[in-house]
Each structure stands twice: as structure tokens, then as C-alpha cells.
Protein chains: 2
Amino acid sequence: MTESPNIARTAALIGDPARAGMLIALMRGQALTATELAHEAGVALSTASGHLAQLLDGGLIAVRKSGRHKYFALAGEDAAGVIEALMGFAGGTGGPKRQPGPRDPALRRARVCYNHLAGEMGVQLYQSLLARGFLTAGQSGLTLSRQGRDFAHGFGIAEQAISGGRPPHCRECLDWSMRQSHLGGRAGRAFLAAIEAKGWAHRKKGSRVVAFTADGQRAFAIAFPPVPRDESLDLGRVGA
Amino acid sequence: MTESPNIARTAALIGDPARAGMLIALMRGQALTATELAHEAGVALSTASGHLAQLLDGGLIAVRKSGRHKYFALAGEDAAGVIEALMGFAGGTGGPKRQPGPRDPALRRARVCYNHLAGEMGVQLYQSLLARGFLTAGQSGLTLSRQGRDFAHGFGIAEQAISGGRPPHCRECLDWSMRQSHLGGRAGRAFLAAIEAKGWAHRKKGSRVVAFTADGQRAFAIAFPPVPRDESLDLGRVGA
DNA sequence: GCCATGCTTCGGTTAAGATCGAACTATGAC
DNA sequence: GTCATAGTTCGATCTTAACCGAAGCATGGC
């Protein structure tokens, strides 16, 4: 009892099936209206309204008014991280029959995690940047190096897209299906946006799947070459 | 509704104040008996017993029988990761008056996260290993490099302590107070154990604080030198 | 064998909150 | 202005589950 954040309150908020459904729907990254979320969660509009007020109060989601519509979205990377962590746990362990990730192969491959790229390709992007020294772990967290910024510019990312706003521009996000990190934060968002802008891939409407074209997949593999498996000694092979 | 792990169930499990209290207590890393946990959560033994059965069923904790005692502990890194993520969110955002981390400075400095070192010193250890190439992000996740293993051996860590058991020996764990990664997994546990064996620090009983001696703190700074702040360009300074 | 201790199960009480429809408010379209 | 649509608030119902004490099983000490 000496130190206890409101973890129970936040968890209880996510613990209702209707609210959990809404949050999962919001993991697609796009803002949704109250009516859409009500439908997504399978409850009446009045019920949904109450839930949304609670989520808002708990700081898990944010709202933006536009005319007579209200668009709800996840509050930020932190909130998305909690959901992703829970999905990682529930997907890997708590599921009905231990399924280590999403059943849909396309979701495993590439999906949206709040606003950045996750799944196998998300992890590959992250590791590729890290291995080439474009991304480094400094004292103040994960940052883009000098070369990393040059690379980003060459990739078609504007300076302000990665430097504006509040500090944590690079974040790691533990991947639900891969159990490894991928790049989140402002930089993660910028890379996904650039990939879409190049026409390599597009988000499928109403789903978290990021669909790559054949050309896009090829170009991605060149821009973010996979890190060779045994560049470093893999301890996993030694033990088991 | 196309894809939804049991996130609501897991969250609801953590969402009860009594169960949350138990889980937080278990973040200290040591296994506790049902009676101790009942006291920790402030409920009757019968109530606690019910809660523990639920947590067990949900896969969040594991149990080990020893005589007429039953020792409960967190189920693993995944479970601990979920709790830490929730504490990070609730501590930073949902708290009564936005306090970015634990109020106790000692907890911010160095604490136990399930079984490894967290807090400022945990992050420093992680980044120091990463900066020197002892820890690398390979295709199969975070691994100790050749040099990293040599370093670990020189630090007094036996080979089997980092190579035995199941694969994920190195894990990142997003730090509650620092919002940065620290080293978890089997390797994280081994480093904390070695630090304790060297007498640099000891865990305070009944708390998550890891208390370093003056000598220990000095030795730690030499073994894991902090990464210079501007080794890489800090984007955080540019924006704000 | 006996008793003490650690934990579980059972029954009954109580409180919290999820749910809905209906009435109400606010905004935009016409 | 009027009407339609998006969202909120209200009141009533109902399910869920947290809680406790007492009784019931185990296990270990003697």
C-alpha cells in the first residue's frame, strides 16, 4: 500500500467487454464516432455514451468535436501500449487454446498499432533501423541518429514530422504477435505515413491490416533489409 | 469483432482493487503465501483464496506448493510486463495529480521489476550494454553478443544462468517511471543476482527498493558507464 | 493417534454497475 | 423557421461478483 498507482481503476475500465471492444477498434488508429463505437461494441447508443464518458475520464481516449459529430481516438502512445501489452498477454496465454498471436496471417504480417506499423514488417523496420545505427538508445531514450535523420529525409519524411510536438518522438512498443519491439512514437507514425504516401501499402478499411502491394513489399525489403539472423550469437539456440 | 483476444477478461482480473494489490505486491519478485497476500490486499483469507484462484485461472500468477504452504508468484515476464505497462499509464496519467512515477525517490532510482532491475539504474544498465554492443537486436529478438557473453562471464554470471531454459533470455521491459526500456528476461535476472552477490546492493524486505551501498554505486557506474547524452542527436530537444 | 495451521468451499448479504428505452439537448441541413 | 441526426441524461431493472464467517479439508508437528 506504500505505492500504488490507479492500476485497478484503469484495468477495470478496460475490463468491461464493451469498452474493451471499443478500445480494440480504436487500435486501428482512426478516430470513430460514438455511434460507430456503439455498433462496434454491440451495445445501445446510450450505453456506449456512458462508456465513452468513463474512458474519457480515465484518460484512455481523447475526443475531438467536429460539427455535430464527436470523434474518439486513443489518448496516446501510452494508452495504446497498455492495450497492446494486454493483447500480447491474452493472445499468447489466456486464449482458448494458446494461439501465439492473431489467427489472421495478414494481421501477423503487417498491421496498424494505433498509428504506426506493427507485426513482422514493423519489427523488421525497427531492427533494420537499429542495426544500421539510424536508431540509437541514448541517455534520454530512443532517438534518431544524425544518419537516421538523413535517411528519414531521403525517405520522404519532412523534418517537422519527426521533430515537432512533445519529446518522445521514438518509442518502442512491444509487439503483440512477435513479442518483440517495433517503432512507435512520432517517428513510427511518420514512417507509416511515408510508406502509404509512396503507394507501397494501404490500410484496409475497417480493419487493422496494412496491405502491401507486390512492388511495395519488394521496395520495403530493399529500404529496410532484414537483419541477418546470426549477426549476433543467438542464445535461444544454445539453451533449447 | 473479427479478432479479439481475451483482453477484457485479463483486464477485469486486474481491475479489482484487492487483486491489483496482490499483483503489485508480487512485483517485488518474491513469492508470497495466500495469508500474506490476503493481508497485503486487506481482505479476509477466504476472499483472498477466491481471488487467487481466479488469477491462477487467468494465467497471471503461478503457484508452488511447499509443505502446507502455497507460494504464489507472477506467472512470468509477460504478466509482469502487463502490470508494469499499467503502472506506467496509471502513474503518469491517471493518477490523482499527474505524478510521473513513484513518489519515493528510492523507487525511482532502483527497484525490482518482477525479477530484474528497473528504475534509473536499470535503464542505465540496459543502455550501457546496448551502447557497447554487448546487447544487440537480432532477427530473433534481443540477444547477448559474443562480447556481451564474455562480459557477463567476467561479471560473475555462469553460462547456464543465461543460456538455460526457454528462448527469450533477453527481454525489454518498458520502465514505469522512466518510460524507457530496461533489461528483463533471464539475462536481466542474472545481472541483478550478480549485483546482489557482489554485495553492491540488496533488496529491502517488503519493498521493491533495491538499496545500493556507496561502494556499490561507484562500482556500478564503472561497470555500466552511462551513455553520454548527446552521443546521438536528441530529437526531444529540437521540438520543444 | 492428537491438535494446530494453511487454505478452500459454502451460504447469504450487499453493493456496484451494465443495460435498455424514452425523454431531452445541440447541431446542421433545408 | 422546421425537421432530422448525433449525442447525453434519466430512471428502472437486473446480473454479477466482492465480501465475510463458519464449516470442511488437507498437511505437518508432536
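Numbers restart at 1 for each chain; the letters A, B, ... are given by sequence-line order, proteins then strands.
Within 4.0 Å (heavy atoms only), Thr47(A) reaches at least one base atom of the nucleic acid. Residue Glu36(B) is classed as having no contact, given no heavy-atom separation below 4.0 Å to the nucleic acid. Residue-level contact check: Leu45(A) touches the bases, meaning some heavy atom is under 4.0 Å from a base atom.
Take the nearest nucleotide of DNA chain C for Arg19(A) and for Gly67(A): the residue whose nucleotide is more 5' is Arg19(A).
The distance between atom CG of Leu56(B) and atom C1' of dT8(C), rounded to the nearest whole Å, is 13 Å. One atom, CG of Asp57(B), and another, C1' of dA17(D), lie 15 Å apart when rounded to the nearest Å. For Arg64(A) and dG7(D), the CZ to C1' distance is 17 Å, given to the nearest whole Å. In this entry the distance linking CD of Gln54(A) with C1' of dA16(C) reads 11 Å, nearest Å. Rounded to whole Å, the distance from CG on Leu52(A) to P on dG7(D) is 9 Å. Distance, Leu55(A) CG to dG7(D) P: 15 Å, rounded to whole Å. Between His69(A) atom NE2 and dA29(C) atom P there is a gap of 9 Å when expressed in whole angstrom units. Note: CG (Leu32(B)) to C1' (dG6(C)) measures 15 Å, nearest angstrom.
The cationic atom of Lys198(A) (NZ for Lys, CZ for Arg) does not lie both less than 6.0 Å from the six-membered ring centre of Phe220(A) and within 45° of the ring axis.
Nearest heavy atom pair, residue Ala48(A) against residue Ala34(A), reads CB-O, 4.4 Å.
For dC19(D), one of the phosphate oxygens OP1 or OP2 lies less than 4.0 angstrom from a side-chain nitrogen or oxygen of His51(B). Contact between the side-chain N/O atoms of Arg68(B) and the OP1/OP2 oxygens of dC25(D) is not found at any separation under 4.0 Å. The side chain of Lys70(B) places no N or O atom within less than 4.0 Å of a non-bridging phosphate oxygen (OP1 or OP2) of dA26(D).
Screening Arg189(B), His182(B), Arg186(B) against His116(B) for a side-chain hydrogen bond (donor to acceptor under 3.5 Å, both in side chains) leaves a single residue, His182(B).
Across dC19(D), dT27(D), dG7(D), the shortest atom-to-atom separation from the side chain of Ala18(B) is found for dC19(D). In this structure, the nucleotide among dC20(D), dG6(C), dG7(D) sitting nearest to the side chain of Thr35(A) is dG7(D).
Side-chain to base pairing of Ser49(A) with dG7(D): no donor and acceptor N or O lie closer than 3.5 Å to each other. One can find a donor-acceptor pair under 3.5 Å joining the base of dG21(C) and the side-chain atoms of Ser46(A).
Other residues, nucleotides and ligands contribute over 12 non-hydrogen atoms within 6.0 Å of the NE2 atom of His202(B).
Separation of atoms CZ (Arg28(A)) and CG (Leu74(A)) is listed at 11.0 Å; rounding is to 0.5 Å.
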